[in-house]
Amino acid sequence: MNVRSFSMLKLLKNSWRTFPRRFATKVTTVGGDEIGSGTGIGQITGRVRSDEGGPHKVNTPSKEIVTHLPPLTEPLPNMPEAVYAKSLAESATTKVTTLANGLRIASEPRYGQFCTVGLVLDSGPRYEVAYPSGVSHFLEKLAFNSTVNFPNKDAILKELEKNGGICDCQSSRDTLIYAASIDSRALESVTRLLGDVTLRPTLNEQEVNLARRAVSFELETLGMRPEQEPILMDMIHAAAYRDNTLGLPKLCPPQNLDSIDRNVLMNYLKYHHSPSRMVIAGVGVDHDELVEHVEKYFVENEAIWMKETLPSEAPKQVDTSVAQYTGGLVKEHCEIPIYAAAGLPELAHVVLGFEGCSHQDPDFVPLCVLNIMMGGGGSFSAGGPGKGMYSRLYTKVLNRYHWMYSATAYNHAYVDTGLFCIHGSAPPQHMRDMVEVLTRELMNMAFEPGTEELMRSKIQLQSMLLMNLESRPVVFEDVGRQVLVTGNRKRPEHFIREIEKVTAADIQRVAQRLLSSVPSVAARGDIQNLPEMAHITSAFNGTGRSLGRRLSLFK
């Protein structure tokens, strides 16, 4: 840069001192009869109001006639009086019928041409103690395959497609769900299909082998993905309920792939797909018609295993054990894949958990409010004003510690127990600090929440509840699960009122109840910096010590 250019830059830099100030807009005085510029829509006249410290333009609507249509403020001539629709009393009720064999049928009317019908079964990994773990994982893959009346999966899909239907099967730790959404006029067709799928599957050797390959591929895929949530949820449940009920793996262990065959699956179905352990739920259907079809296809036609002879050494009853919370540590030191293109570093994962409560416990609703209050998610949505991220894990963790990549609270509720936990991820060198930060936030739950924070969490939970129940499949699952556990369904209004009743004292009581249990820890990845379990336990017991200028919970 030459001397002349340098002088010009210096002149421009100091120009605000030497040049006269310029305004971006010119100050003008509005006359009393001027037409306001506005947005150019319509003729808006303006007059000047000179009080209150200066001229202000007040817009008044024009009285000029711009259309020959009558104004909307007056009733239209020669039009009949409007008659508005009213909600029917029966549209807000869930009808439940129990058949002689113990099978329950629940339905709820809903507006629309389509309906959702399915089965909710008291089945899942928690009942597999006498079987090779992974039976439920196989059943997910084998759903909607060949049956006694449908030769193959294509025949089933063709039956659904004739009426615009779709189907799905999902398993959780204590529930197995078969469901289909279809045109309401095809209710008999979908009931016949569900009866065959759940009570009369053939499970031929080729289908079982294909399911084995699908499960093996899914396990391999989970090991190659950076997302570790499915694996970590299995690990934290194994730590919390060691070797019993809910601690049994949901994902089929690789060593069990060859142990699960048709005989094992048929024996499991015989005792777990019994009428007393299932609920047939429908949303958007006529209840009496549904009951008629269920009696025809679920009662009159017997299950396939009633005609077959199963191995005599197989289990002959259902495990009815109550879940026993133990607490403890499950860890796996391994390499976790990374997204090289995204530029994300290698992450280590940890989950800290405590015993929660069942979904029938009086503290269930306050615990749900506490879960919303903790909140959390990924770091990409943590910072910056205006994002609406007010939960504690956003404002006190992700927004303060740049090395934290995620922190999310989970509340798992079951029929006899529950598990409350926080999943965090960070680079391996920050593992110790991450555990300390999450431990502090869990301990801080015992302090009284602010009035605004509590009110926000309650409103957010109410909003999420009502918004989710706008979906017909969600209503179906809600009806089926509640009737399976209690025999009836509580309306959303009940939960809205219960949420409204939650106080700060309830939150403190529930938090102290959580912290009084033995902690559970699951960790995966490069976890050489993970604190010892004894140090984590002592930290929650309030026996941490001070190191230097900051308080360290771990020795």
Side-chain angles (χ1 to χ4, degrees), residues 174 236-237 240-241 246 322-323 325 327 351-377 388-397 407-424 437-469 478 481-482 485-486 488-520 539-542:
D174 59 351
I236 191 64
H237 278 83
Y241 305 92
L246 296 167
V322 177
Y325 181 86
V351 184
L352 303 179
F354 293 94
E355 184 178 13
C357 63
S358 72
H359 43 61
Q360 301 305 309
D361 193 286
D363 285 336
F364 172 65
V365 173
L367 187 54
C368 290
V369 176
L370 177 60
N371 182 44
I372 294 294
M373 192 177 297
M374 297 301 292
M389 305 299 180
Y390 291 105
S391 67
R392 291 186 181 182
L393 292 180
Y394 273 126
T395 57
K396 297 183 179 181
V397 176
T408 309
Y410 296 94
N411 179 32
H412 302 274
Y414 304 99
V415 69
D416 51 358
T417 184
L419 179 64
F420 184 89
C421 57
I422 295 180
H423 168 211
V437 168
L438 296 182
T439 301
R440 290 182 187 278
E441 288 309 311
L442 285 166
M443 295 174 66
N444 289 338
M445 293 190 308
F447 294 103
E448 183 178 0
T451 303
E452 183 179 349
E453 180 186 30
L454 177 61
M455 184 58 65
R456 182 189 298 118
S457 301
K458 290 161 61 175
I459 294 174
Q460 186 176 354
L461 181 58
Q462 292 172 331
S463 175
M464 290 175 59
L465 171 65
L466 296 176
M467 192 161 45
N468 287 333
L469 290 176
D478 183 50
R481 285 180 179 272
Q482 288 201 50
V485 175
T486 65
N488 56 71
R489 186 201 180 208
K490 295 178 181 177
R491 299 292 306 169
E493 295 83 355
H494 166 79
F495 293 101
I496 295 297
R497 291 191 297 267
E498 291 299 313
I499 294 171
E500 196 63 38
K501 294 178 184 177
V502 175
T503 64
D506 295 329
I507 299 296
Q508 283 186 282
R509 185 189 69 256
V510 170
Q512 291 169 358
R513 173 179 173 179
L514 294 175
L515 297 173
S516 65
S517 62
V518 180
S520 303
F540 283 112
N541 291 335

Work out which heavy atom in [X] is nearest to a heavy atom in [Y]; give both atom names and the distance.
X: Asp174; Y: Val415; value: OD2-N, 4.3 Å
X: Pro366; Y: Val510; value: CB-CG2, 3.7 Å
X: Cys421; Y: Gly353; value: CB-CA, 3.7 Å

For Arg456, check salt bridge (Lys or Arg N to Asp or Glu O under 4.0 Å) against everything at least two apart and list the hits. Glu452
Step by step, would you call Ser358 with Asp361 a side-chain hydrogen bond (donor to acceptor under 3.5 Å, both in side chains)? CA-CA 5 Å; Ser358 72; Asp361 193 286; 4.8 Å; no
Decide side-chain contact (heavy atoms from CB on, under 4.5 Å) for Val351 and Tyr410; before the verdict, give the C-alpha distance in whole Å, the side-chain angles of both, and the deciding distance to 0.1 Å. CA-CA 10 Å; Val351 184; Tyr410 296 94; over 6 Å; no
So, for Tyr241 and Tyr325, is the gap between ring centers shorter than 6.0 Å? yes
Sole residue of Leu393, Thr439, Thr408 in side-chain contact (heavy atoms from CB on, under 4.5 Å) with Ile422: Leu393
Roughly how far apart are [X] [atom1] and [Y] [atom2], rounded to 0.5 Å?
X: His412; Y: His237; atom1: NE2; atom2: NE2; value: 5.0 Å
X: Ser463; Y: Ile499; atom1: OG; atom2: CD1; value: 10.5 Å
X: Ser516; Y: Asn541; atom1: OG; atom2: CG; value: 10.5 Å

Please name all residues satisfying side-chain hydrogen bond (donor to acceptor under 3.5 Å, both in side chains) with Glu453, sequence neighbours left out, ordered by chain then number. Arg392
Quick one: side-chain hydrogen bond (donor to acceptor under 3.5 Å, both in side chains) partners of Gln462, sequence neighbours excluded? Glu500
